[in-house]
Amino acid sequence: MSDNKTLLLTSRDQSLKAFLIKKIRENGGWINAHMHADRAFTITTDSFDIYQKQTLIEKWDTLDRLKSSMSEDDYYRHFSMAVERMIEQGVTAAGSFVDIDPIAEERAIRGALKAREAYKKDITIKLINQTLKGVIDKEARYWFDKGADLVDILGGLPRRDERDHGEGMGLKHLDVLMDTGKRLGKMVHVHVDQFNSPDEIETEQVTDKTLEHGMHGKVVAIHSISITAHSLEYRQKLYKKMREAQMMVIACPFAWIDSPRREEQGPTRNSLTPVDELAAAGIPVAIGTDNISDYMLPFSTGNMWEELKLLVTGCRYTDLDNIINVATINGRKALGLA
Ligand SMILES: [Zn+2]
């Protein structure tokens with residue numbers, strides 16, 4: 001039983017939010033480990049109408065129209081808007097995916113490099129190539145290879161090649177990422193298990209590929225939500241393997257909280273990265289905002305506190321020391337800065 005005195009508020013007591021914000025500042029500031037700054041603030045009321053009617057996979061095509069209309073200056077401006085939002089919150093480092101593909105060509109990365117240079121005294125930015133067109137198609141591969149030389153970290157989206165080229169091609173996508181990462185000595189960040197569905201085992205696939213290619217400690221899974229759609233026995237086996245591969249995970253809580261209701265059976269769950277289980281298994285979890293006010297996340301403003309609040313509330317996660325790590329040091333690890 002607590003002493004009654006500890007339950008009484010005094011004027012010196014801090015709220016949990018004030019305590020965490022102070023600790024995050026003392027530990028080097030917020031780290032936004034995953035965003036797509038190049039497309040930030042591109043949603044309008046007109047395009048919102050399209051957003052309402054499309055699934056994620058349909059949106060990949062809609063995005064092409066927007067991207068083809070953006071110049072290098074447009075990309076610079078939108079990237080800078082996202083960076084400004086980060087600096088004003090006390091974010092000291094961020095990892096941003098940037099579209100480098102047949103549609104955006106080099107315009108987005110050129111704009112991003114210019115913005116990074118402009119803000120270099122205020123924030124450290126790691127750039128990561130978004131492989132929205134996959135890496136299997138010949139033209140997409142050309143842009144992947146070109147992008148791989150320009151960025152700090154290689155980015156992946158195996159689901160794209162699985163959709164376009166058929167079963168097993170997501171694994172091939174991972175082979176291309178790992179081979180290129182090894183050759184260039186770069187880390188790999190991969191979007192996986194986004195649909196909160198037992199049909200997905202992408203976190204396990206990326207872990208297996210990490211072990212197979214000897215990329216231990218160099219690979220980061222983004223989202224990994226569908227882990228929670230599987231049984232406890234599966235999850236425990238997966239965590240063991242992830243620890244062996246020294247995997248890290250980035251949670252982007254708002255990104256998939258809108259996951260549609262399903263009629264599938266499975267463990268009762270929300271649509272969040274299971275930070276509670278992953279942390280207990282010794283797997284570092286970092287946090288990111290993902291998309292900011294664009295087709296994917298029209299209402300998201302890139303607010304780090306909102307993201308952290310949703311993650312810890314949704315997972316009933318109460319380990320305050322590790323919550324501070326999620327917001328700070330784990331992000332630096334995931335970006336190769338620690
Ligand atoms: Zn993303």
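Counting convention: from 1, in listed order, for ligands and their atoms alike.
For D290, the N, O or S atom closest to the Zn ion (ligand 1) goes by the atom name OD1. As for H34, its N/O/S atom nearest the Zn ion (ligand 1) is the one called NE2.
Between D161 and K172 there is no salt bridge, since no side-chain nitrogen of the basic residue lies less than 4.0 Å from a carboxylate oxygen of the acidic one. The pair K133-D64 meets the salt-bridge criterion, since a charged nitrogen lies less than 4.0 angstrom from a carboxylate oxygen.
The ring of F79 has its center no closer than 6.0 angstrom to the ring center of Y119.
Here the straight-line distance linking atom NE2 of H213 with atom CE of M215 works out to 9.0 Å at 0.5 Å rounding.
Annotation: angle subtended at the Zn ion (ligand 1) by H191 NE2 and H36 NE2 is 100°, to 10°.
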